[in-house]
Amino acid sequence: MRFPGAALFTDLYEVTMAQAYAVRGMSETAVFETFFRKLPAGRSYVVAAGLPDVLDFLEAFRFEEDDLRYLRGLGLFSDEFLGQLAAVRFTGDVWAVPEGTVVFPNEPIVQVVAPILEAQLVETFVLNRIHLQSVLASKAARVVEAARGRLVVDFGARRAHGTDAALHVARTGYLAGAAGTSNLLAAREYGIPAFGTMAHSFVQAFDDEAEAFEAFARLYPGTTLLVDTYDTLRGVDLVVDLAGRLGERFDVRAIRLDSGDLGALSKAARARLDAAGLPDVRIFASSGLDEYSIAALLDAGCPVDGFGVGTQLSIAQDAPTLDMAYKLVEYAGVGRTKLSSGKVLHPGRKQVYRRTDGGVFAGDTIGRPDEDLPGEPLLVPVMRSGRRLAQYDAGLDEARRRARQQIDALPAALRSLDEAGSPYPVTVSARVQDDLDRLRRDRQAP
């Protein structure tokens with residue numbers, strides 16, 4: 001999706017630093033890496049997402065006249081620098097793990113290799129897009145995993161933190177395995193299936209609940225009827241009555257339960273539908289669901305065939321953020337680091353090598369791109385000289401397939417909703433560690 005106001009979506013200090021680089025004549029190539037430092041509590045992996053937005057942004061990067069006029073009004077920037085800024089385009093390279101790849105702490109997700117002024121200015125947008133969508137995709141993956149192959153639909157637009165976030169909820173939900181979304185703009189924008197049932201207001205607008213059901217069912221064959229506006233099991237009985245009245249013309253795909261004890265109601269509803277000869281009418285549940293409540297329903301043998309998940313999917317309430325950073329690791333061919341307590345940064349450009357044993361991920365090593373280490377390298381070139389590479393822009397369906405394959409290849413303990421006893425093994429190569437130790441000694445030398 002194209003993002004309006006592109007280049008000015010940055011923090012003030014990115015531009016003040018850029019002017020300082022320009023004044024000092026600093027224009028050598030820099031390498032910045034995007035990664036997160038630790039997993040949230042209860043999480044065992046993260047699904048990387050958001051890369052297409054980053055590539056769109058970088059390809060279109062430029063400061064418009066209105067942007068420059070605003071910057072001039074701040075009184076911080078010289079006319080010479082603003083003239084230089086007007087000509088800036090992103091000319092660098094980008095390496096990244098393909099969307100849908102499972103990643104772990106300290107592993108580079110996106111690597112920007114560009115003149116330092118360009119690489120500095122894009123920090124805010126890169127982090128914004130990769131962070132949010134990776135958080136959302138990771139939550140959605142857990143919800144889909146909990147559903148055990150049953151339908152999951154995004155119902156989260158109304159509770160999302162803004163319209164832009166709502167679109168990303170729908171996109172990342174589909175990427176992680178959800179069947180689609182209730183939001184039409186997201187469905188159109190990303191080419192994903194749109195789903196809808198009916199609201200309580202439709203039933204309330206009629207004097208008779210049975211009349212509301214019949215009106216909707218006649219107009220929309222294959223629909224889902226919401227049965228809990230007044231009394232849930234009475235609503236189920238009205239659906240059974242409707243089947244009797246319509247006979248062969250009856251074409252209701254499912255009923256929806258949206259309140260009360262979903263487990264008990266689903267069992268009672270299933271019994272009534274089956275007794276009436278309606279085994280093909282499915283049960284769809286919603287109302288404050290997350291991966292834990294879905295798993296609990298299925299563990300209890302509740303006959304629920306699909307789930308609409310809203311708030312918990314759209315805000316990832318139990319783990320809404322990642323400790324994600326965009327850090328300079330190399331400038332002018334020299335490794336750079338920071339030694340802050342708890343935030344040590346391994347210097348130099350890196351690659352991640354993933355080992356597999358019998359089709360299951362066995363461990364990752366963070367090394368140099370030119371090291372001969374066992375495993376498959378995860379970072380691939382996605383942009384050269386400011387233009388994306390078509391072979392790594394296969395689209396959302398490919399990212400969805402990749403996410404499924406990646407999650408299926410995780411050790412079973414990491415796919416559990418419970419926190420894994422042991423984290424996935426990620427090590428740093430001796431060469432990368434030696435470079436850090438050397439820089440640490442140099443910084444400490446008198």
Side-chain angles (χ1 to χ4, degrees), residues 34-54 96-110 126-148 152-154 156 159-161 165-179 181 190 192 289-295 307 309-325 352 354 361 364 378 396 399-420 423-424 426:
T34 302
F35 61 95
F36 62 93
R37 295 186 178 93
K38 60 184 179 181
L39 287 161
R43 294 287 195 269
S44 299
Y45 63 90
V46 164
V47 178
L51 182 60
D53 280 359
V54 169
V97 299
E99 252 204 328
T101 300
V102 168
V103 291
F104 301 94
N106 299 309
E107 296 182 340
I109 300 171
V110 176
V126 172
L127 274 175
N128 176 274
R129 263 12 191 199
I130 299 300
H131 174 265
L132 175 63
Q133 294 187 58
S134 296
V135 165
L136 296 174
S138 303
K139 180 66 172 184
R142 288 167 58 82
V143 171
V144 169
E145 194 73 11
R148 304 171 198 174
V152 173
V153 178
D154 156 48
R159 304 286 174 81
H161 293 169
L167 296 177
H168 290 137
V169 171
R171 182 183 184 278
T172 55
Y174 186 73
L175 185 155
T181 179
Y190 301 119
I192 62 181
L289 296 173
D290 64 6
E291 64 265 47
Y292 299 106
S293 54
I294 289 172
F307 303 92
V309 186
T311 303
Q312 295 300 322
L313 197 63
S314 65
I315 65 172
Q317 188 169 8
D318 60 329
T321 64
L322 287 167
D323 185 17
M324 191 170 282
V352 181
R354 177 160 293 165
F361 295 155
D364 295 355
L378 299 187
L396 182 56
R400 176 182 167 91
R401 284 190 289 271
R402 182 180 298 107
R404 185 69 266 157
Q405 292 165 355
Q406 291 269 308
I407 294 168
D408 286 346
L410 285 169
L414 300 186
R415 294 176 60 181
S416 170
L417 296 184
D418 300 322
E419 192 161 3
Y424 181 80
V426 178

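When reading the values below, keep in mind they use all heavy atoms of this one structure, side chains included, and skip hydrogens, waters and symmetry mates. Since the structure is predicted, the reported quantities are computational estimates derived from the model, not experimental observations.
For Leu51 against Glu99, the heavy-atom pair with the smallest separation is N-OE2, 3.8 Å. The shortest non-hydrogen separation linking Thr181 to Ala170 is OG1-CB, 3.6 Å. Smallest separation of non-hydrogen atoms from Ala176 and Ala140: CB-CB, 3.6 Å. The minimum heavy-atom distance linking Gly177 with Val144 is given by the pair C-CG2, 3.7 Å.
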Open item on the list: Please determine whether side chain to side chain contact (heavy atoms under 4.5 Å, CB included) holds for the pair Phe104 and Val352, giving the CA-CA distance in whole Å, both sets of side-chain angles, and the decisive distance to 0.1 Å.
Closed with: CA-CA 10 Å; Phe104 301 94; Val352 181; over 6 Å; no

Open item on the list: Pair Ile109, Phe36 - check side chain to side chain contact (heavy atoms under 4.5 Å, CB included), show working.
Closed with: CA-CA 9 Å; Ile109 300 171; Phe36 62 93; 4.0 Å; yes

- [ ] Evaluate the side chain to side chain contact (heavy atoms under 4.5 Å, CB included) criterion for residues Arg171 and Ile192: first the C-alpha distance (whole Å), next the side-chain angles of each, then the deciding distance (0.1 Å), finally the verdict.
- [x] CA-CA 8 Å; Arg171 182 183 184 278; Ile192 62 181; 5.7 Å; no

Open item on the list: Could you walk me through whether His168 and Asp53 satisfy the side chain to side chain contact (heavy atoms under 4.5 Å, CB included) test, starting with their C-alpha distance in whole Å, then the side-chain angles of each, then the deciding distance to 0.1 Å, before giving a yes or no?
Closed with: CA-CA 10 Å; His168 290 137; Asp53 280 359; 3.0 Å; yes

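Using cut-offs of 30° and 60° on the angle between ring planes, the pair Tyr424 and Phe361 is perpendicular.
To the nearest 0.5 angstrom, Leu378 atom CG is 4.5 Å from Arg354 atom CZ. One finds the CD atom of Glu107 at 4.5 Å from the CG atom of Asp364 (value rounded to the nearest 0.5 Å). Atom CG of Leu175 is separated from atom CZ of Arg401 by 11.5 Å, given to the nearest 0.5 angstrom. A distance of 6.5 Å separates CG in Leu322 from OG in Ser138, rounded to the nearest 0.5 Å. For the atom pair CD of Gln405 and CG of Leu410, the computed distance is 12.5 Å after rounding to the nearest 0.5 Å. If you take CG on Asp408 and CZ on Arg415, they are separated by 5.0 Å, rounding to the nearest 0.5 Å.
Taking a cutoff of 4.0 Å between a charged side-chain nitrogen and a carboxylate oxygen, Glu145 and Arg404 qualify as a salt bridge.
Looking at Arg400, its side chain never comes within 3.5 Å of a backbone N or O of Gly100 through a donor-acceptor pair. Here the side chain of Glu291 pairs no donor or acceptor atom with the backbone of Ala146 at under 3.5 angstrom. A donor-acceptor pair is defined here as one N or O able to donate and one able to accept, closer than 3.5 Å; such a pair exists between the side chain of Ser134 and the backbone of Ile130. Between the Ser416 side chain and the Ala413 main chain, no donor and acceptor come within less than 3.5 Å of each other.
For the pair Leu39 and Pro105, the minimum side-chain heavy-atom distance is below 4.5 Å. Within the 4.5 Å cutoff, no side-chain heavy atoms of Leu414 are placed close to those of Val102. Between Val103 and Phe35 the shortest side-chain heavy-atom distance does not fall below 4.5 Å.
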Could you pull out all donor-acceptor pairs under 3.5 Å where a side-chain atom in residues 313-321 meets a protein atom, sequence neighbours excluded?
| from | atom 1 | to | atom 2 | distance (Å) |
| --- | --- | --- | --- | --- |
| Ser314 | OG | Gly310 | O | 3.4 |
| Ser314 | OG | Thr311 | O | 3.1 |
| Gln317 | OE1 | Gln312 | NE2 | 3.0 |
| Asp318 | OD1 | Arg43 | NH2 | 3.3 |
| Asp318 | OD1 | Lys139 | NZ | 2.9 |
| Asp318 | OD2 | Arg43 | NH1 | 3.0 |

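Inspection of the Tyr292 and Arg142 side chains reveals an N or O donor paired with an N or O acceptor under 3.5 Å.
With Val54 as the fixed residue, the side chain to side chain contact (heavy atoms under 4.5 Å, CB included) test singles out one of Leu127, Asn128, Val126: Val126.
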